[in-house]
Amino acid sequence: MSRDCRALAAQCCYQVIDQGRSLSDVLPKAQQHITNPLDKALLQEICFGVMRTLPQLEQVCAQLMQKPLVKNYRVLQFLIYVGIYQLHFMRVPDHAAINATVEAARELKGQSLTKLINGVLRNVQRQPQLFDFSQASDAVKFNHPGWLISSLQHAYPDHWQHILEASQHKAPLWLRVNIQRVSPEQFCHALTEEDIGYSQPIAALPSAVLLDTACDVTELPGYHQGWFSVQDAAAQYAAGLLAPADGERILDACCAPGGKTCHLLELAPNARLTALDKDPGRLVRVQENLQRLGLTATVLAADAANPASWWDGQVFDKILLDVPCSATGVIRRHPDIRWLRKKSDIAPLAELQQHILQQCWPLLAPGGMLLYATCSILPVENQQQISQFLSENTDALLHPVTHEAGLLKTDVSIQPGWQLFPGQLNRDGFYYALLQKAPQDNDAA
């Protein structure tokens with residue numbers, strides 16, 4: 001029997017905000033309690049929406065309640081946010097949103113608060129002026145934590161607002177065609193045959209397909225045959241920038257969930273690729289992706305920050321270093337990140353990133369290429385990391401990121417690497433820096 005999706009949404013939001021759990025973890029588990037696909041979609045829409053608009057929902061509530069609910073009733077505070085989100089941001093009829101939210105309170109053992117919840121929601125219905133945030137703080141106006149807004153204002157004084165606004169939009173569904181199984185033309189023809197709308201808007205990424213509407217990808221043509229993967233366009237640049245070749249020894253040092261691993265092998269199926277991740281549980285997904293796409297790699301549960309525990313002493317021709325980061329470039333795709341990530345997390349992350357980069361550099365062969373990547377938009381994780389590394393490693397040469405079809409060449413004297421911002425060409429925020437190890441003297445000769 002399906003449980004009420006509004007009660008489940010309140011529980012999911014409570015678990016994220018008050019217990020620090022990822023929406024990627026709690027939402028799929030909640031959806032298991034629902035049998036109707038439409039209700040599953042509604043649950044996701046509500047959870048994502050509350051995460052995107054939480055400061056505004058809190059401010060509206062603060063004008064209608066003396067104080068927020070706490071302790072055993074805390075989950076019911078999130079149920080009120082669920083109701084307000086439906087009333088103001090969704091096309092749910094007002095009476096349905098109010099009645100269903102009040103009934104959900106009973107399922108959450110909040111019978112004694114049904115009158116309060118009903119009253120708050122009816123006041124929201126009657127008072128649209130509650131949503132006038134013109135005099136509110138930037139944190140409320142832009143629905144982002146103050147520390148992140150301040151960081152972006154300092155880093156990008158001319159367009160920080162555009163970055164925040166782009167992060168509020170729903171992320172589109174990008175696919176990457178597996179050219180080892182089917183050509184982009186063949187795959188797009190199959191989509192056309194099924195009357196599925198799509199485009200191929202980025203000439204530099206001929207295998208990237210943008211769907212007009214998100215859908216269940218397992219129902220798309222060729223899913224079970226390994227014709228494609230789900231991967232944002234920004235992440236699809238990685239494999240091409242590293243330019244893998246058959247026969248090369250390649251390391252994907254922080255590989256899970258395996259999207260870039262698979263893309264490297266799609267471009268060079270006979271490369272000798274080692275896919276590494278310190279979390280054995282996440283490697284299950286890597287193995288599943290490799291199997292579905294018909295690709296082969298050596299998969300190891302090991303820590304890229306500690307090569308002595310796993311490295312066999314043979315250098316790599318290419319290394320992809322997609323390091324752990326703040327994920328501030330993918331907030332539109334994972335709206336809970338803005339609340340889970342704290343200002344105090346950034347310095348330890350930056351320290352870890354530099355450590356992994358320094359530890360993996362000796363694993364690269366002279367003349368070899370290393371691609372440093374993050375899904376962050378914070379300079380401390382990106383440009384500043386590369387500047388520091390270049391200052392400390394005289395054998396590291398920075399390659400400008402260029403592409404025949406339009407990747408922008410970066411002025412390396414000002415901003416090493418290539419920073420993509422969320423929303424540009426419908427992509428996520430991402431950062432790339434391509435480094436080459438200087439050849440040894442006898443190699444140069």
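FYI, side chains are in, hydrogens and waters are out, and symmetry mates aren't considered; it's all heavy atoms of this structure.
- For the pair Tyr372 and Phe389, the minimum side-chain heavy-atom distance is 4.5 Å or more.
- The ring of Phe228 has its center closer than 6.0 angstrom to the ring center of Phe187.
- In the displayed structure, Gln291 atom CD is contacted under 6.0 Å by at most 12 heavy atoms of other residues, nucleotides or ligands.
- For Gln129, the CD atom counts as densely surrounded, since its 6.0 Å shell holds more than 12 non-hydrogen atoms of other residues, nucleotides or ligands.
- By the 6.0 Å contact criterion, NZ on Lys278 is open, its count of non-hydrogen atoms from other residues, nucleotides or ligands being 12 or less.
- With rounding to the nearest 0.5 Å, the separation of CG in Asp94 from CG in Leu121 is 10.0 Å.
- Side chains of Asp232 and Cys375 form no contact here, defined as non-hydrogen atoms less than 4.5 Å apart.
- Arg285 CZ: 12 or fewer foreign heavy atoms inside a 6.0 Å radius.
- Side-chain contact between Gln231 and Cys262: absent, with no pair of heavy atoms (C-beta onward) separated by less than 4.5 Å.
- Annotation for His159: atom NE2 counts as buried by contact number, over 12 foreign heavy atoms lying within 6.0 Å.
- Taking a cutoff of 4.0 Å between a charged side-chain nitrogen and a carboxylate oxygen, Arg91 and Glu45 do not qualify as a salt bridge.
- Between Tyr85 and Phe89, the angle of the ring planes stays under 30°, which puts this pair in the parallel group of the 30/60° scheme.
- Side chain to side chain, Gln358 and Gln354 meet the donor-acceptor criterion of an N or O pair below 3.5 Å.
- Judged by a 6.0 Å distance limit and a 45° cone about the ring axis, Arg292 is positioned over the six-membered ring of Tyr223.
- At most 12 non-hydrogen atoms from other residues, nucleotides or ligands lie less than 6.0 angstrom from CG of Asn72.
- Between the Asn178 side chain and the Leu293 main chain, a donor and an acceptor come within less than 3.5 Å of each other.
- Between the Thr114 side chain and the Gln111 main chain, a donor and an acceptor come within less than 3.5 Å of each other.
- Using a cut-off of 4.0 Å between Lys/Arg side-chain N and Asp/Glu carboxylate O, Glu103 and Arg106 are scored as salt-bridged.
- Using a 4.5 Å heavy-atom threshold, the side chains of Leu349 and Gln353 count as touching.
- Under the side-chain hydrogen bond (donor to acceptor under 3.5 Å, both in side chains) criterion, the residue pairs touching residues 13-25 are Asp18-Arg74, Arg21-Asp25, Asp25-Lys29, with sequence neighbours excluded.
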Full working for side chain to side chain contact (heavy atoms under 4.5 Å, CB included) between Gln59 and Phe133: CA-CA 9 Å; Gln59 178 147 317; Phe133 303 116; 3.9 Å; yes
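- Contact check for Ile346 versus Ser326: side-chain heavy atoms found under the 4.5 Å cut-off.
- Of the possible donor and acceptor atoms, one in the side chain of Gln236 sits under 3.5 Å from a partner among the backbone N and O of Leu175.
- Ring centroids of Tyr156 and Phe421 are separated by less than 6.0 Å, placing the two rings close together.
- Judged by distance alone, the side chain of His144 and the main-chain N or O of Arg338 form no donor-acceptor pair under 3.5 Å.
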